[in-house]
There are 2 protein chains.
Amino acid sequence: MIRLLLAEDQGMMRNALALLLNLEPDIDVVAEAGTTAEALDAALRARPDVALLDIEMPDGSGLDTAATLRDELPGCRVLILTTFGRPGYLRRAMEAGATGFLVKDGPVEHLAAAIRRVLAGERVIDPALAAAALSAGPNPLSDRERDVLHGAVDGATVADIAARLHLSESTVRNYLSAAIGKTNTRNRIEAAHRARSNGWI
Amino acid sequence: MIRLLLAEDQGMMRNALALLLNLEPDIDVVAEAGTTAEALDAALRARPDVALLDIEMPDGSGLDTAATLRDELPGCRVLILTTFGRPGYLRRAMEAGATGFLVKDGPVEHLAAAIRRVLAGERVIDPALAAAALSAGPNPLSDRERDVLHGAVDGATVADIAARLHLSESTVRNYLSAAIGKTNTRNRIEAAHRARSNGWI
DNA sequence: GCCACCCCGGGACATTTGTCACCGCCGACC
DNA sequence: GGTCGGCGGTGACAAATGTCCCGGGGTGGC
């Protein structure tokens with residue numbers, strides 16, 4: 001019996017997956033979580049064989065949870081399940097020690113199959129996504145450039161970002177300009193969008 | 001037997017819902033669609049009793065599909081199912097003739113119950129969301145203000161928007177300024193975000 | 001008829017944004 | 001030791017943005 005942790009913030013999706021995976025004869029959903037905090041807590045309590053983690057969660061990223069889990073619960077395999085097949089996500093998932101990476105596409109049966117293969121230690125990755133990740137290349141942005149772009153997504157001004165990061169406005173503008181150059185875009189908004197769609201932030 | 005059309009772009013969610021709803025003794029999923037075009041096509045072919053429509057779909061909005069369905073297939077009840085409980089969405093859904101409005105939260109059992117109630121002609125709306133919609137008030141933006149904001153989300157410049165809408169740059173700037181004023185924000189990005197989170201665009 | 005609102009545009013202006021050159025400091029790598 | 005890159009900062013400048021005037025035309029309500 002495969003002991004499974006299910007971390008997914010969208011209630012109906014979580015409920016549906018739990019019901020369907022429990023119908024599988026060899027899978028037992030032993031814990032459910034809607035936030036990364038709950039996921040960590042439940043994992044340490046229930047000690048599952050496989051953790052199925054969504055990336056986008058309200059209080060943080062499933063990628064960070066994966067990294068923590070690798071240290072705290074080394075025997076647990078991690079399978080990332082996400083809406084967006086972003087190249088940078090896949091790269092970060094691998095660096096965080098994930099064994100598999102699936103997009104929320106295709107039937108639930110694929111998911112059950114992936115869980116079994118991940119438990120056997122096999123790496124499960126969508127081939128098209130793997131190719132995209134390789135062709136897209138690594139994240140060109142430095143830490144600070146990511147920070148300032150993160151602020152730019154929701155319309156913060158240079159002054160806002162500078163205050164939040166305790167930097168001077170000149171510095172923020174320089175980082176923004178560098179990020180715009182590296183992403184090959186025309187302004188901070190396009191830069192932030194490209195960075196997001198590539199999974200760089 | 002309730003004949004149901006299921007329109008949802010996320011493959012795994014659609015698959016999971018189809019499986020679970022088919023398990024209900026009185027529900028029969030007679031058609032599935034991943035785009036609004038497929039949804040319309042399938043609806044006219046399968047003539048379902050209830051259409052379950054997602055709002056966010058790659059080729060358009062489920063809200064528009066609902067309006068079309070009201071004209072083309074008057075006997076069919078429409079139940080909107082969406083990730084985001086945005087006040088403006090609810091308002092637009094009602095104007096488009098939807099009978100029910102659910103967020104992708106809570107268990108699948110709620111969804112099945114809602115389908116039955118909608119078929120009986122009953123209106124099904126999340127009470128908290130209804131209250132939010134009323135307190136948020138109507139959409140303050142004019143058609144053109146929405147158009148220019150739509151362009152602003154992904155980083156288009158004034159020149160880009162003007163070209164796309166066949167307007168002069170002055171006009172675009174005036175609309176943007178008006179939208180920023182009406183949304184009570186500081187720049188086009190904040191304005192676009194607020195408009196999106198309220199379901200105004 | 002008047003009023004309000006939307007549509008479309010022009011011009012002027014202050015502010016913000018994006019770019020570039022340059023500075024020092026540090027750590028890593030060869 | 002030198003070089004490169006990241007980090008933090010300054011100053012100057014062109015371009016884009018946001019705001020405020022103004023104008024005209026249309027439509028719908030009272």
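Here is how names work: the chains are called A, B, and so on, in the same order as the sequence lines, proteins then strands, and each is numbered from 1.
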* **NZ/NE/NH1/NH2 to OD/OE distance under 4.0 Å, B:D49 and B:R77** => no

* Select base, sugar-phosphate, or nothing to describe what B:S168 touches, counting heavy atoms under 4.0 Å on all strands. => sugar-phosphate

* Asked: What integer distance in Å separates B:E169:CD from D:dG18:C1'?
  -> 14 Å

* Determine whether more than 12 heavy atoms belonging to other residues, nucleotides or ligands lie under 6.0 Å from atom CZ of B:R70. => yes

* Residue-phosphate contact under 4.0 Å: A:R144 side-chain N/O, D:dG8 OP1/OP2 -> yes

* Asked: Counting any heavy atom closer than 4.0 Å, what does B:N174 reach on the DNA or RNA strands: base, sugar-phosphate only, or nothing?
  -> base

* **Proximity to the side chain of B:R188 - top-ranked nucleotide from C:dG10, D:dT17, D:dG8** => D:dT17

* N-O pairing of B:E24 and B:R116 below 4.0 Å -> yes

* **Distance, rounded to the nearest Å, where A:L165 contributes CG and D:dC7 contributes P** => 11 Å

* Is the closest basic N to carboxylate O distance between B:K104 and B:D54 below 4.0 Å? -> yes

* Does atom CZ of A:R47 have more than 12 heavy-atom neighbours, drawn from other residues, nucleotides or ligands, at distances under 6.0 Å? -> no

* Asked: So, is B:S177 close to the D:dT19 phosphate, meaning a side-chain N or O under 4.0 Å from OP1 or OP2?
  -> yes

* To do: Would you kindly give the CZ-to-P distance between B:R186 and D:dA16, to the nearest whole Å?
  => 23 Å

* Asked: Taking CG from B:L149 and C1' from D:dG18, how many angstroms apart are they, rounded to a whole number?
  -> 13 Å

* Between P of C:dC26 and CG of A:D143, the distance in whole Å -> 20 Å

* **Residue B:L167, side-chain atoms from C-beta onward, closest of C:dT19, D:dG9, C:dG9** => C:dG9

* Asked: What's the CG-P distance between B:L176 and C:dC8, to the nearest Å?
  -> 14 Å

* Check the distance between D:dA16's C1' and B:N187's CG and give it to me in whole angstrom. => 13 Å

* Distance, rounded to the nearest Å, where B:R173 contributes CZ and D:dA16 contributes P -> 10 Å

* 5' precedence on DNA chain D between A:Y175 and A:S170 (nearest-nucleotide basis) -> A:Y175

* Structure fact -> Looking only at C:dT19, D:dT17, D:dT19, the nucleotide nearest the B:I180 side chain is D:dT19

* **Residue closer to the 5' end of DNA chain D, B:G181 versus A:H166 (nearest nucleotide)** => A:H166

* Asked: Does B:S142 have a side-chain nitrogen or oxygen under 4.0 Å from the phosphate oxygens OP1 or OP2 of C:dC6?
  -> no

